[in-house]
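A note on names: the letters A, B, ... follow the listed sequences, proteins ahead of strands, and every chain is numbered from 1. A quick note: this is a predicted structure, and the numbers were derived from the prediction, not measured.
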2 protein chains.
Amino acid sequence: MGTKAGKSDFRGLDKSLRIQKITDTAAELFHRKGYRSTTLDDVSKELGITKAALYHYVSSKEKLLSRIYIQALENIFRNTDKIAGKELPPDVRLRLIIQNHIKGIIIQSISMFSVFFTEENQLPEKEFRKIRREKRKYTRIVEEIIEEGISEGLFRNADPKLQAFAIIGMCNWVYKWYKPGPGSYTPEQIADYFVSLLEGGYLKGDMEGMPDVPKSLEGGREKTGSRMENYQKLRAKCTELSKLIEEMEKHG
Amino acid sequence: MGTKAGKSDFRGLDKSLRIQKITDTAAELFHRKGYRSTTLDDVSKELGITKAALYHYVSSKEKLLSRIYIQALENIFRNTDKIAGKELPPDVRLRLIIQNHIKGIIIQSISMFSVFFTEENQLPEKEFRKIRREKRKYTRIVEEIIEEGISEGLFRNADPKLQAFAIIGMCNWVYKWYKPGPGSYTPEQIADYFVSLLEGGYLKGDMEGMPDVPKSLEGGREKTGSRMENYQKLRAKCTELSKLIEEMEKHG
DNA sequence: AGATAGTTTTAATGACTGTTTAGTTACAAA
DNA sequence: TTTGTAACTAAACAGTCATTAAAACTATCT
């Protein structure tokens, strides 16, 4: 039954590592069966110890859930603050945030975030509020980058918060369908494609200046390449024209 | 406590309507407290009847959950098949699908879909599989539209399934943050903006031919209106030019 | 009024499970 | 060896809750 890592695995670990192991297997089980449907017997059995032994490490089931949430928050902000503080143009920063969100946060620990997203209502009121605050903080970071992007004229003009919700939602949802392993999408493929979609959309408008669709994801029917150069030049002219219009529009 | 609609409300309804009422309040409570943490006493109290009375309408708590899932599926496919079958270009059809997904499916019944997305692992194996099959069917519909869009040269060339995941994820996530009421975003705003973001991206590349950001969502600095007509004409010319290029590109 | 079917209630039942208690084992320091 | 502490176990406790059984109520029809 399960990955019964066995006593051998669990014992012979530093105390802090044991607690970590407990938290991890709990997260895994909560993910699979749900917090409320997972008994402490389930958890202890998976670890190869008794239910009562758990109480030497964690004071209650609820506390165990809290621990998962705390770790999730740590994971979320580990790199995010660093990225957001960088001296880079908003578009680059947003790209990094998105890539990190997918590769560094969600995919890094799927079951932890599955719990994070689905068991909020099991938290005590106080804890719940704290989590909500932190989530808002993250949204706000994304929002601010978008605001900068808009005021610098890099991003199209739209409601920043709504845009943040949209982006974050697309990335979060990955936990619902991502399955690792060969034959599946790699985290890089997913992140690269999501960035390209979010930056440039799925419609084939003008491509110049538009982010590339990662080559690994393009379909069969490919452009002939060299023969297209004329079209590209023509299109470039159009772009310049449009940019000009924008300029004129801005400066009266 | 709660919207104790009271006996008056519940009794004096056709049998089928009563069952519906039960299902709805159950969905609402499951949404708020989670399926496993919601007792049948909670449900019956909210309805103003006894727990035992519920068993005249629903044979078990699990069956109640099933009912919610069945209705969710009905809601999902109600309009979707119709839209997907229409004789319209892929970009228009996809736009309709997205709008329907947000306005006609998710926002239409938030708590139902909150349950739908979070309580899957509480379903019996057989039911679970069925739900998964149906969800795949929906994804497949979106995927197919995207495939058409790509082969008609309307969409950029990218992996259709990944694209479907991205779009669907962005839309589904709405259930996590949407709150109705004044001062919030209207379903129309959300749907329009999501479409615009998905079609054209957030980067300000060339705008011609690109979908508009819904006016209601643009920031403060607004165009002067009538004096802009010249720019609009100019831009229109550019668009025509681009369209022409596309044409040329397609027909050698 | 009496009967019938549909509806609701009261009061168990029985299983489950988080938590506690009292004790046992392992092992390192004295 | 003794002793002390941390790690663990077995067993019981106590509360919760889905489900059922049996009785009673209500309305409609005869």
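- Proximity of A:R18 to the phosphate of D:dC8: a side-chain N or O atom is located under 4.0 Å from OP1 or OP2.
- Nucleotide D:dC17 holds its P atom 15 Å from the CD atom of B:Q122, rounded to whole Å.
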Which atoms of nucleotides 18-22 of chain D (N or O only) lie under 3.5 Å from a protein N or O atom, and what are those distances?
unit_1: D:dA18; atom_1: OP1; unit_2: B:T38; atom_2: O; d: 3.4
unit_1: D:dA18; atom_1: OP1; unit_2: B:K61; atom_2: NZ; d: 3.1
unit_1: D:dA18; atom_1: OP2; unit_2: B:L40; atom_2: N; d: 2.8
unit_1: D:dA18; atom_1: N7; unit_2: B:K51; atom_2: NZ; d: 3.2
unit_1: D:dT19; atom_1: OP2; unit_2: B:Y55; atom_2: OH; d: 2.7
unit_1: D:dT19; atom_1: OP2; unit_2: B:K61; atom_2: N; d: 2.9
unit_1: D:dT19; atom_1: O5'; unit_2: B:Y55; atom_2: OH; d: 3.2
unit_1: D:dT19; atom_1: O4; unit_2: B:K51; atom_2: NZ; d: 3.4

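- Geometrically, A:K161 does not engage B:Y185 in a cation-pi contact, judged by NZ or CZ lying under 6.0 Å from the ring centre and within 45° of the ring axis.
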Please report, to 0.1 Å, the donor-acceptor pairs under 3.5 Å made by any side chain of residues 169-183 of chain B, with sequence neighbours excluded.
unit_1: B:N172; atom_1: OD1; unit_2: B:H101; atom_2: NE2; d: 2.7
unit_1: B:K176; atom_1: NZ; unit_2: A:F117; atom_2: O; d: 2.3
unit_1: B:K176; atom_1: NZ; unit_2: A:E120; atom_2: OE1; d: 3.4

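- Between A:F77 and A:Y138, the ring planes are perpendicular. Angles over 60° get that label, and only those under 30° would be called parallel.
- Judged by the 6.0 Å and 45° rule, B:R18 forms a cation-pi pair with B:F10.
- Atom pair B:I49:CD1 and D:dC25:C1' shows a separation of 15 Å (rounding to whole Å applied).
- Rounded to the nearest 0.5 angstrom, B:S196 OG and B:R95 CZ are separated by 10.5 Å.
- The nearest whole Å value for the distance from the NZ atom in B:K33 to the P atom in D:dT16 is 12 Å.
- Applying the ring pair (Phe, Tyr, Trp, His ring centres under 6.0 Å) rule to B:F116 yields the partners B:Y69, B:F113; only residues at least two apart in sequence or on another chain are considered.
- With rounding to whole Å, A:L54 atom CG is found 12 Å from D:dT9 atom C1'.
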